[in-house]
Amino acid sequence: MSLHPVGQFPAYRPRRLRQSPVLRRLVRETELSAGQLVLPLFVRSGRRLRRPIAAMPGVFQLSPDELAHEAAQAHEAGVPAVLLFGIPDRKDARASGAYVANGVVQQAVRWLKREVPQLLVITDVCLCEYTEHGHCGIVRSEKSGARILNDPTLKLLARAAASHAEAGADMVAPSDMMDGRVRAIREELDRLGFLETPIMSYAAKFASAFYGPFREAAESTPKFGDRRSYQMDPANAAEALREVALDIQEGADIVMVKPALAYLDIVRRVKTEFGYPTAAYAVSAEYSMVKAAAAKGWIDERAVTLESLLAMRRAGADILITYAAVAVARWLKEQ
Ligand code: PBG
């Protein structure tokens, strides 16, 4: 039976339910609230450092002390969680900065746990910020060109995740898209006794032009080639579901779709198909485009931002990762 028996109820007038703000509120299907927000933050070593990111107005590379300050303000505004990205002092072929005990993310986690203990700290697990070539895995050059070595990369990702947990991270979020990394990370966390540390996997991560500004922010633009051998083809939706299924089988607790706004069909299908906690990542260019148009006076930044995030909720996202999290939390309080 169709839910919409067109013609059967000629007297049905949808506008009846829009007559007053109270009625509109009563029949509202989707809620946007600060408790669903995650704020991504960029950390690099130093003291009192706030380095602006040109393509992302209002976003900075922060030293751990400044990061703690920023995170405290976010928490104060009502944002319950942050997602950390690190920019190391030195990059090398084996991405050592990603898993050394006193790496920049590990230091930042300790700062946050000391200064803002209530805040949920999620760490991005990837190698691209830490490799000299900017790829998300170990690279071997061959006659036919460079190759990403999937399996040797898994061990390093697992070490990185474990070092974050050891520093006190509440959750780890692998974003590399190597095959099998959720299992490798789960096994390593369990082996070290972190049985209760959840994994939020970037399960359906597309090879997207919307990551442009992030690569400036994280200084992780690949020096050669691109990420299409490990990130997904934007043309594929069924493959996204297979990727998500795999990550769930390997032990992911939360699955993420990324980017968000151009991929709401994927968010909806993932939520409907698996019923798992689902996160949508409104990535850097989604933020920058709104900022740029708003600066020109062409759009209403607040209205566009809230409407976009509401759309992600409507599509099925439980968790919204956005660079606008603090502003959004404040706007929601004013409403
Ligand atoms: C690292 C990573 C990227 C983003 C999150 N984690 C960049 C990439 O894959 O190139 C992008 C986030 C954003 O654009 O805001 N693998």
Side-chain angles (χ1 to χ4, degrees), residues 37-43 53-61 82-88 91 95 97-98 104-105 122-131 133-139 148 150 153-154 156-157 160-161 164 171-179 181-182 185 199-234 243 247 254-263 279-292 305 308-309 312 319-325:
L37 301 172
V38 176
L39 173 69
L41 290 170
F42 299 97
V43 60
I53 295 151
M56 300 176 75
V59 181
F60 301 83
Q61 292 180 346
V82 295
L83 172 60
L84 296 186
F85 294 92
I87 300 109
K91 301 177 187 250
V104 68
V105 165
I122 312 167
T123 54
D124 183 90
V125 176
C126 194
L127 303 189
C128 64
E129 298 99 327
Y130 306 92
T131 50
H133 43 66
H135 278 287
C136 303
I138 300 293
V139 167
I148 306 285
N150 190 91
T153 301
L154 299 182
L156 303 186
L157 291 166
H164 296 171
M171 177 153 78
V172 294
S175 71
D176 52 280
M177 289 300 277
M178 297 301 128
D179 293 332
R181 89 272 203 222
V182 174
I185 290 171
I199 299 175
M200 173 168 74
S201 79
Y202 291 64
K205 178 175 178 180
F206 290 88
S208 172
F210 287 89
Y211 305 151
F214 172 94
R215 292 179 185 169
E216 177 202 329
E219 301 180 9
S220 66
T221 310
K223 295 265 165 9
F224 51 83
D226 55 48
R227 302 206 204 290
R228 282 182 294 186
S229 74
Y230 42 104
Q231 297 183 353
M232 293 182 45
D233 182 342
E243 284 275 10
D247 280 12
I254 298 173
V255 289
M256 191 203 297
V257 175
K258 175 184 174 198
L261 209 47
Y263 296 84
Y281 193 150
V283 298
S284 51
E286 299 184 51
Y287 175 84
S288 302
M289 291 192 304
V290 172
K291 281 286 182 190
T305 303
S308 303
L309 292 171
M312 292 164 208
I319 300 170
L320 305 172
I321 305 169
T322 169
Y323 299 97

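It should be emphasised that the depicted structure is a prediction, and the values quoted were computed from it without experimental measurement. As the structure lists them, so they are numbered: ligands from 1, and atoms in each ligand from 1.
Glu286 places a side-chain N or O within donor-acceptor distance of the main-chain N or O of Val283, the cut-off being under 3.5 Å. Gln61 contributes no side-chain N or O that, together with a main-chain N or O of Ile87, makes up a donor-acceptor pair within less than 3.5 Å. With hydrogens and angles disregarded, no donor-acceptor distance shorter than 3.5 Å links the side chain of Tyr263 to the backbone of Val257. Lys91 contributes no side-chain N or O that, together with a main-chain N or O of His133, makes up a donor-acceptor pair within less than 3.5 Å.
Listed as neighbours of ligand 1 are Phe85, Asp124, Cys126, Cys128, Cys136, Ser175, Lys205, Phe210, Tyr211, Phe214, Arg215, Arg227, Gln231, Lys258, Tyr281, Val283, Ser284, Tyr323, each bearing a heavy atom under 4.0 Å from the ligand.
Among residue pairs with one or both ends in residues 200-214, those qualifying as side chain to side chain donor-acceptor pair (under 3.5 Å) are Asp124-Tyr202, Ser201-Asp247; sequence neighbours excluded.
Aromatic ring orientation, His135 versus Phe224: tilted (interplanar angle from 30° to 60°).
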